[in-house]
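What follows is a single structure, and I will ask about it in a moment.
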Amino acid sequence: MISYPLPSDWPADEKAARAVQDALRDRVVLDEPGPPPGTGHVTGVDVAYDDERDVVAAAVVVLDAATLDVVEEATAVGTVAFPYVPGLLAFREIPAVLTALSGLTADPGLVVCDGYGIAHPRRFGLASHLGVLTGLATMGVAKNPFTFSYEAPAAPRGSASPLLDGAEEVGRALRTREGVKPVFVSAGHRVTLANACAHALRLTPRYRLPESTRRADALCRAALRESAG
DNA sequence: GCGACAG
DNA sequence: ATCTTGTCGC
């Protein structure tokens with residue numbers, strides 16, 4: 001099994017965190033198409049919190065990309081080491097996520113994060129950060145447009161419209177269910193935006209959110225409950 | 001200065 | 001993220 005250690009220079013405050021983002025953003029790879037949709041593995045990642053106890057639980061669920069069957073799961077429980085600050089989400093979630101990923105035996109394949117990749121104030125969101133640290137292909141699927149703007153995509157499933165930061169397309173608003181609020185897809189690392197959207201559609205045969213994040217969400221919540229009572 | 005703001 | 005009852009709909 002592969003180990004994904006937390007960098008020794010992990011920041012403790014906001015100023016240092018932004019400096020880390022500025023130092024690593026150039027390592028993001030966006031010219032690789034990424035794994036073909038429907039092949040290999042797709043891994044969902046999510047994190048849950050218990051603010052009262054300062055506890056964080058992360059879960060990673062490896063799925064067979066073709067059947068969406070669960071191949072392997074892993075969780076990690078730890079202490080919250082960073083507050084939620086818009087734009088710095090990665091520093092709150094990544095420590096526990098790396099520990100959970102290190103518990104896997106299977107190849108993660110494409111990692112799908114609950115949040116953003118390149119669609120970020122400094123173009124280095126959670127998915128991109130996780131990709132650079134692990135070398136894995138990553139993408140983000142967020143439930144909200146964050147600070148970006150978009151025009152509602154057409155009603156049919158599969159319709160999409162650009163997610164904009166000014167005039168720059170940083171991601172895409174993708175309709176995964178007919179007539180339902182779209183999800184916001186962005187490339188993280190070693191994946192193309194078009195390919196990321198194709199993966200997102202394959203992962204949503206029934207619900208608005210990807211099966212990968214739904215599985216990971218349920219698992220990290222369960223892990224958090226079991227860590228308490 | 002004010003409001004907005006992934007999870 | 002998390003706190004929370006009922007409610008509308010397939």
Side-chain angles (χ1 to χ4, degrees), chain A residues 14 17-18 20-21 25 28 44-61 75-98 100 111-132 138-150 157 162-166 168-174 176-189 193 196-197 200 204-210 212-225 227-229:
Chain A
E14 297 183 27
R18 291 194 191 85
V20 166
Q21 294 182 325
R25 54 189 291 180
V28 175
V45 171
D46 196 20
V47 177
Y49 303 91
D50 181 337
D51 294 322
E52 302 295 281
R53 302 184 300 140
D54 259 28
V55 171
V56 54
V60 294
V61 180
T75 61
V77 175
T79 300
V80 181
F82 208 92
Y84 169 66
V85 179
L88 300 180
L89 177 65
F91 299 96
R92 183 171 169 78
E93 310 216 326
I94 283 184
V97 169
L98 289 177
V111 176
V112 180
C113 295
D114 193 356
Y116 282 112
I118 213 67
H120 178 273
R122 288 169 293 284
R123 301 294 179 272
F124 200 65
L126 171 64
S128 296
H129 200 151
L130 183 62
V132 165
T138 63
M139 59 175 272
V141 176
K143 298 181 284 297
N144 298 294
F146 198 14
T147 63
F148 308 110
S149 61
Y150 71 101
R157 161 177 155 81
L163 183 64
L164 305 169
D165 184 350
E168 181 182 356
E169 179 180 43
V170 294
R172 211 159 277 170
L174 178 67
T176 56
R177 303 309 304 164
E178 168 119 28
V180 174
K181 177 180 179 177
V183 294
F184 304 89
V185 180
S186 57
H189 183 60
L193 176 57
C197 288
T204 51
R206 183 166 166 86
Y207 300 101
R208 175 191 175 226
L209 298 180
S212 45
T213 77
R214 286 170 48 77
R215 287 308 219 316
D217 177 78
L219 186 56
C220 67
R221 291 193 191 207
L224 189 62
R225 276 187 271 109
S227 74

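Note on naming: letters A, B, ... go to the chains in the order of the sequence lines (proteins, then strands), and numbering restarts at 1 for each one. Because only heavy atoms are used, hydrogens play no part in the values below, and waters and symmetry mates are left out as well, while side chains stay in.
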Ring centroids only, cut at 6.0 angstrom: are A/F146 and A/H120 within range, meaning strictly under it? no
Nearest whole Å is fine: how far is C/dA1 P from A/E52 CD? 17 Å
Between A/F184 and A/F148, ring centroids under 6.0 Å: no
Decide whether A/R25 and A/S128 meet the rule of one side-chain donor and one side-chain acceptor closer than 3.5 Å. no
Ranking B/dC5, C/dA1, B/dA6 by distance to the side chain of A/Y84, first place goes to B/dA6
Does any non-hydrogen side-chain atom of A/V28 lie less than 4.5 Å from one of A/R123? no
Here the distance between atom P of B/dG7 and atom CG of A/D51, to the nearest Å, is 15 Å
Side chains of A/R172 and A/S186, donor plus acceptor under 3.5 Å: no
Can you tabulate the close N/O pairs, meaning under 3.5 Å, that link protein atoms to atoms of nucleotides 5-8 of chain C?
none

Just need the stems in DNA chain C: three or more back-to-back Watson-Crick or G-U pairs, each with both distances under 3.5 angstrom, sorted by first number. none
Side-chain donor-acceptor contacts of residues 76-83 of chain A below 3.5 Å, not counting sequence neighbours, with atom names and distances?
none

Within this structure, what is the CZ-to-P distance between A/R92 and C/dA1, rounded to whole angstrom? 11 Å
Could you grab the distance from atom SG of A/C113 to atom CG of A/D46, nearest 0.5 Å is fine? 9.5 Å
Presence of A/K143 side-chain N/O under 4.0 Å of B/dG7 phosphate oxygens OP1/OP2: yes
In whole angstroms, how far is the C1' atom of B/dA6 from the CG atom of A/L88? 11 Å
Could you check whether A/Y49 gets within reach of a base, just the sugar-phosphate, or nothing at all, counting any heavy atom under 4.0 Å? sugar-phosphate
Which pair of heavy atoms, one from A/R208 and one from A/T204, lies closest together, and at what distance? O-CG2, 3.4 Å
To the nearest Å, give me how far apart CD (A/E14) and C1' (B/dC5) are. 13 Å
Output all residues satisfying salt bridge (charged side-chain N to carboxylate O under 4.0 Å, His left out) with A/D114, sequence neighbours left out; order by chain, then residue number. A/K143
Just to verify, what does A/D51 make a salt bridge (charged side-chain N to carboxylate O under 4.0 Å, His left out) with, not counting sequence neighbours? A/R92
Closest approach of A/C220 to A/A59 (non-hydrogen atoms, all atoms of both residues): N-CB, 3.4 Å
Does A/G140 reach a base, just sugar-phosphate, or nothing at all? Heavy atoms under 4.0 Å. nothing
Tell me: CG of A/L89 to P of B/dG7, nearest whole Å? 8 Å
Please report, rounded to the nearest Å, how far the P atom of C/dA1 is from the CG atom of A/D46. 7 Å
Once you round it to whole Å, what is the distance between P of C/dT2 and CZ of A/R53? 12 Å
What nucleic acid atoms does A/A48 come within less than 4.0 Å of, heavy atoms only: base, sugar-phosphate, or nothing? sugar-phosphate
Looking at A/N144, does any N or O in its side chain come under 4.0 Å of the phosphate oxygens OP1/OP2 on B/dG7? yes
Involving DNA chain B, stems made of at least three consecutive Watson-Crick or G-U pairs, both distances under 3.5 Å: none
Measure from the side-chain heavy atoms of A/R221 and tell me the nearest of B/dC5, C/dA1, B/dA6. C/dA1
To the side chain of A/D114, which of C/dT2, B/dA6, B/dG7 is closest? B/dG7
Say whether A/Y84 and A/E93, considering side chains only, have a donor N or O and an acceptor N or O under 3.5 Å apart. no
